[in-house]
Trainee: 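Below you will find the structure I want to go over with you.
Each chain gets a letter, A, B and so on, in the order its sequence line appears, and its residues count up from 1.
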Protein chains: 2
Amino acid sequence: MALAPPLPDATADELAAMYKALADPTRIQMLHMLSAAEEPICVCDFTAAFDLGQPTVSHHLAKLKQAGFVDSFKRGVWAFYRLRDDMPKSARAALATIPR
Amino acid sequence: MALAPPLPDATADELAAMYKALADPTRIQMLHMLSAAEEPICVCDFTAAFDLGQPTVSHHLAKLKQAGFVDSFKRGVWAFYRLRDDMPKSARAALATIPR
DNA sequence: GCAAGGCATCGACAACTGTCAATGTATTTG
DNA sequence: CAAATACATTGACAGTTGTCGATGCCTTGC
């Protein structure tokens with residue numbers, strides 16, 4: 001039998017980029033926390049939860065944002081992150097594979 | 001509200017390792033081909049399908065195997081790869097997020 | 001207005017990853 | 001046995017990634 005037509009290159013690239021955002025234990029934990037939380041989570045809480053410097057925490061959150069999993073807003077001095085409610089379909093499906 | 005208990009470190013590490021295996025367009029395409037195919041696919045077919053050297057193709061297939069997505073067998077001179085039928089549950093769930 | 005605190009950005013560095021060329025190992029064929 | 005073919009493994013190299021320290025930008029409180 002002939003091989004199936006490949007996915008469009010752009011599709012494969014986008015999927016790979018999305019999985020790359022998930023390919024780190026810290027970011028997995030972050031998404032787990034956000035999935036379980038009712039409310040947005042402050043960067044300061046992430047910084048307290050992980051044994052990592054604050055710039056590193058910001059770096060991971062920026063990657064999750066860039067990949068379309070989360071968005072953020074500022075209230076006063078604090079920056080809060082939450083799962084995007086209009087998350088891309090593929091992102092939502094991938095997120096569903098992380099245990100609650 | 002208190003933050004949810006984190007995932008066990010081992011769980012987060014395993015998930016991250018699994019997503020790392022998916023974090024490459026070539027490997028996405030390989031899984032796509034294997035999902036669509038009725039039969040195991042020969043390394044030579046992968047080598048023909050991608051504009052990559054044979055060692056690189058072997059490298060990608062080895063990563064998919066190590067991550068638990070595929071297994072392989074040899075028949076004569078050829079090596080065939082197929083989706084594992086006893087794929088880990090998390091791997092099966094993640095694979096389901098790749099378009100058929 | 002000034003100091004302090006929360007966060008993002010920048011620069012640097014070690015570790016890892018994708019790729020190739022070269023080589024090694026089986027298996028088939030002559 | 002010799003040559004050829006299919007694949008895996010090794011070594012090397014450039015590009016990427018996770019991490020940190022230092023710095024910059026805002027916002028709040030004095």
Trainee: Nearest whole Å is fine: how far is D:dC26 C1' from A:F73 CZ?
Mentor: 17 Å
Trainee: Which of these passes side-chain contact (heavy atoms from CB on, under 4.5 Å) with B:V57: B:V43, B:T26, B:D45?
Mentor: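 Of B:V43, B:T26, B:D45, side-chain contact (heavy atoms from CB on, under 4.5 Å) with B:V57 is met by B:V43 alone.
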Trainee: Do A:F69 and A:K63 come close enough that some side-chain heavy atom pair is under 4.5 Å?
Mentor: no
Trainee: For D:dT10 and B:H59 - does any side-chain N or O of the residue sit under 4.0 Å from the phosphate oxygens OP1/OP2?
Mentor: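 Looking at the OP1 and OP2 atoms of D:dT10, neither is under 4.0 Å from any side-chain N or O of B:H59.
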Trainee: Nearest whole angstrom, please: distance from the C1' of D:dC7 to the NE2 of B:H60.
Mentor: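 Distance, rounded to whole Å: 16 Å.
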Trainee: Roughly how many Å is it from CZ in A:F80 to C1' in C:dC7, rounded to a whole number?
Mentor: 12 Å
Trainee: To the nearest angstrom, how far is A:Q54 atom CD from C:dC7 atom P?
Mentor: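 It is 7 Å, rounded to the nearest whole Å.
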Trainee: It should be established whether B:Y81 places a side-chain nitrogen or oxygen under 4.0 Å from OP1 or OP2 of nucleotide D:dA6.
Mentor: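 So the side-chain polar atoms of B:Y81 never come under 4.0 Å of the phosphate oxygens OP1 or OP2 of D:dA6.
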Trainee: Report the distance from atom NZ of B:K74 to atom P of C:dT25, rounded to the nearest whole Å.
Mentor: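 My rounded result for the distance is 13 Å.
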Trainee: Let me spell it out: for each of B:W78 and B:A62, pick the nucleotide of DNA chain D with the closest heavy atom. Which residue's pick is nearer the 5' end?
Mentor: B:W78
Trainee: Which part of the nucleic acid does A:K20 contact within heavy-atom distance under 4.0 Å: base, sugar-phosphate only, or nothing?
Mentor: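 Counting heavy atoms under 4.0 Å across all strands, the contact made by A:K20 is with sugar-phosphate only.
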Trainee: Under 4.0 Å: is that the gap between some side-chain N or O of B:T56 and OP1 or OP2 of C:dG18?
Mentor: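 For B:T56, the contact criterion (side-chain N or O under 4.0 Å from OP1 or OP2 of C:dG18) is not met.
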Trainee: For B:D51 and B:V77, take the nucleotide of DNA chain C holding the closest heavy atom to each; which residue's nucleotide lies nearer the 5' end?
Mentor: B:D51
Trainee: Would you call the rings of B:F73 and B:F80 parallel, tilted or perpendicular if under 30° counts as parallel and over 60° as perpendicular?
Mentor: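 Rings of B:F73 and B:F80: parallel, as their planes differ by under 30°.
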Trainee: Please state how far atom OH in A:Y19 lies from atom C1' in D:dT17, giving the value in whole angstrom units.
Mentor: 20 Å
Trainee: Select one nucleotide: of C:dA8, C:dT19, D:dT9, the one nearest the side-chain heavy atoms of B:P55.
Mentor: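 Nearest to the side chain of B:P55 among the choices is D:dT9.
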Trainee: Any idea which of C:dC7, D:dG18, D:dA22 is nearest the A:D24 side chain?
Mentor: D:dG18
Trainee: Nearest heavy atom decides the nucleotide; on that basis, is A:K63 or B:V57 closer to the 5' end of DNA chain D?
Mentor: B:V57
Trainee: Base, sugar-phosphate or nothing for B:R75? Non-hydrogen atoms, less than 4.0 Å.
Mentor: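 No contact at all - B:R75 keeps every heavy atom at 4.0 Å or more from the nucleic acid.
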Trainee: If I take atom CZ in residue B:F50 and atom C1' in nucleotide C:dG18, what distance separates them, rounded to the nearest angstrom?
Mentor: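 So the CZ-C1' distance, B:F50 to C:dG18, works out to 14 Å.
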Trainee: For A:F46 and C:dG6, give me the distance from atom CZ to atom P, rounded to whole Å.
Mentor: 16 Å
Trainee: Could you please name the option among C:dC7, C:dA8, D:dC7 that lies closest to any side-chain atom of B:V43?
Mentor: D:dC7
Trainee: State the CZ-CG distance between B:R82 and B:L34, to the nearest 0.5 angstrom.
Mentor: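 Reported to 0.5 Å precision, the distance equals 11.0 Å.
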Trainee: Just wondering, more than 12 heavy atoms not from B:D51 lying within 6.0 Å of its CG?
Mentor: no
